[in-house]
Structure formats: structure tokens, C-alpha cells
Amino acid sequence: MSSAPTEDPKSWRQTKRWFRDHPELGKPGEIPTGPMMSEEYYQRERKLLWPHVWLMVGRVEEIPEAGQFFIKDIPTCDATLIVVRGRDGKIRSFHNVCTHRGAAICWEKSGEKGKVNAFACPYHGFTFDLEGKLSWVPDEENFYDLKKEELGLKSVLTDIWEGFIFIHMDPNPRETLKEYLGEIGTGLTDYPFQDTPYFYEYKAVVRCNWKVLMGGFLENYHTQALHAGARTRAVTNENPYSHNFDIKLHDKHRWISLYRSPDQKPTKAGEIAFRAGRSSKDASVVNSDKWWKLHKSFNINNIFPNFQLNVVNGAWFRHLFWPLGVDSVLWESRMYYPKAKNASERFFQEYARVASRDIMLEDGNVSERSQAGLKSGAITKWVLQDEEVAIQHFNKVVADYAGPWTSEMSR
Ligand code: FES
Ligand SMILES: [Fe+2]
């Protein structure tokens, strides 16, 4: 094999092909840097964006049995949620706030799990059932006209898409989850996510604005320069700047199909790992009859605002980006694999995990250095080329919610 597939009508050989198709994005390639540094703009995002979008918080396999729950912080809304499976099998989310005097009921940290028969508040012992109803109050007779039926845990709207649990902080959202996801939600219908329940996880706080970190996940232009380890996978003589196979800009979300070199030359360790792991590359995901939908090698589903779902052969990744402040973001990354059938498959997974970690360190590091550069005020806009079109689209959707940047806003 020497040449890359060319059946795609939008061949990667072309230049200036994406912006041309999207006049609604406005002038190609100019993004103000103000919203990446401005506390005032960050507060606009907190008010106008985060409480009005669907947010992915976990998967149904994490809490398969009644009473199993996990805790999830939603820092942009100052909220902590309990996500729990009820006795009826339904998954619900509640504010982790006691209706007596506001204490946290579960003291687990964000991401931690547990299993209970009921939730008892550690402060005075108010007890709530798995469906959130206040079921027991110590010394109840001593309260005046206590309306227990009105003092259940405060619920948060919850819905499921392909096994992913989403929440919405607004009890009366503009759109259902299905409407919100739109076309991107149909592209992965029946993808066998549940067949790969094992994951490796990395979490990091990166000292940059969440949109700066996200920028590196919306283009592949940087691979040839930044990711030396991944260069042979993404860069060839015929496609030296790793133009993407395809990009689709949806209403709020975006889908990118990355180029992968047909002549990929792995490193020595990589060669051994890929040989050992061949059978895991043939695993259930690849055998799905829907695989054709995921054509090419690495597909990015960037689901607004902070959920990136990457699908590759035999595995999938997901990233979540949770802003902690204007220049600080919690990055939670998980790589899901099928259960290794033998030691060599395990070795392959371990190799892939470490290779991904190295790439992610490069992405985090350059994002912090970019934030520092922006802060100096030396530049006031990002200049984008055609293959970075998804960055412009993403920032336009941010502005659709939080409003346009104006120079009167404080930096
Ligand atoms: S604050 Fe929870 S029982 Fe008092
Ligand atoms: Fe990268």
C-alpha cells in the first residue's frame, strides 16, 4: 500500500476547502483572544452557557445495580450531583445538598462511587431513598408543620444517549437531549460502547482557558510539529500537513475524520505491541455492522460544550473539559478497551495508554504556554488556516450562547 484512499470527494489533497463551504462562520480565520482571558467573559459563560447545555457526566455501566451511585462536580454551576440508579432501574441525578440545612449528603469526591440502600445526611441524619424522597427525619415530632413530601432531594434533569448519562442544570431546557445532539447523535447509533467497559483514566488541571485547551482537539494541523511520536501515523509525503479526511460542522457540534498514514512505521516497541495486540484490533468494535459509519481510522465527535468522543479501531476515548476558572481547566480523559484476552493484548493496551499519555502531555503543555503568551497581550487574535475551521465553529457556538466579544469588556 502506498497511497491513501481517495474515495472521499473532499480529498485531503485540496487546500482552502472548508471555510468555502461555511460562509455562516464569517471571515475565515480570525478569533479574538479576549474571551480566553477575560474574567468578565468567563462570568458570561457561567451564566449564559453552562446552565443551558446538556452535559455528559458518565456511563450507565458505572452504576449497573440499584443503589449504586457516583458523585460529579459541575464546577461552572457551583454544583455537585449524586447520580444514582433507583430501585426501578432508572438513573436519576440530584443536588448533593440536604434539604434540612444544606449539608453535603455524600462526602465522596467528584468521580467517586458507592452503593447504598438510602442516603443519610451525616449532619443530623435526614434520610432520603434512592428516588430522592425524604424517608426519615430524626425527632420528627419536634419540627413545626414539616412537609416531608416537599423536602425530597432537588432533582436535576437527566437523560441517556447510547449509554452516556447527560444532565441539564435548567429544569426547563430549550431542547431535549435528542434535539440538542441532533445529527451528531444519530451518527453513532448502536456503536457498541458497552462492549469496552475497561478504561484507563488521566485527570489533570491545566492552567489555561478551556477554549485554549479545546483548540488543540479540534485540528490536526499541529501533529506534524508538536507530536513527534505520532508523526509517522499522521504525516506522509503525500499528506505532509495531515489534512483531515472529512469535517462536518453541525448545529452546535462537529465531527472530524482524521487522516491516518497507510505506511505507518511504528517505533520498535510499537511494532511489538501492535503485533501482540492484533487480535484486540479485530475485537468487537471493528466487527460491528455499523463500522462503515465510522469510516477511516480516527473519528472525533466534538459534542458541545465539553465532551469529546474519539472512536478508533477496537477502542474509544473520551475527554471532558471542566472550567475551574478563566485560566484553569480540569481535563478528564478516559481510554476504553475490550477486556484483554491474554497478556499480549494487555501489553498492546498498555503501550497505547502510554503513547496517548505522551501525546496528551504535549497538548496540555503547549496549551499552558499558549495561555501565558496570550496573557502578555502581544497578540489580540488567533489566525486560523483552513484545517482549523472547527475552532472557528466551536468559538462561534460559544459566542451564540455567551454573546460576542467586544473591546469594552474587561480583560
Ligand atoms: S443538614 Fe442534613 S440533616 Fe441537617
Ligand atoms: Fe494534539
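Counting convention: from 1, in listed order, for ligands and their atoms alike. In this chain, numbering begins with 1 at the start of the sequence shown.
Below 4.0 Å from some heavy atom of A103 lie the following atoms of ligand 1, by number and element: 1 (S). With ligand atoms numbered from 1 in the order given, ligand 1 contributes 3 (S) to contacts under 4.0 Å with heavy atoms of F126. Atoms of ligand 1 lying under 4.0 Å from any heavy atom of G125, numbered from 1 in the order shown and given with element: 3 (S). Near Y123, with a cut-off below 4.0 Å to any heavy atom, the atoms of ligand 1 are 1 (S), 4 (Fe).
Within the 6.0 Å centre-distance limit, the rings of H253 and Y180 are counted as a close aromatic pair.
Atom 2 (Fe) of ligand 1 has an N, O or S atom of C121 inside 2.8 Å of it. Taking 2.8 Å as the threshold, H100 does not count as a candidate ligand of atom 2 (Fe) of ligand 1, since none of its N, O or S atoms lies below it.
Of all protein heavy atoms, the one lying nearest to atom 1 (S) of ligand 1 is R101 N, 3.4 Å. Annotation: atom 4 (Fe) of ligand 1 to nearest protein heavy atom, H124 ND1, 2.0 Å.
Annotation for N310 and N301: closest pair OD1-N, 4.3 Å, computed over non-hydrogen atoms.
With 3.5 Å as the limit, one finds no donor-acceptor pair spanning the side chains of R357 and Y200. E183 and W255 share no donor-acceptor pair across their side chains, judged by distance under 3.5 Å alone. Between the side chains of Q308 and N302, at least one donor N or O lies within less than 3.5 Å of an accepting N or O.
When distances from the Fe ion (ligand 2) to the N, O or S atoms of D363 are compared, OD1 comes out shortest.
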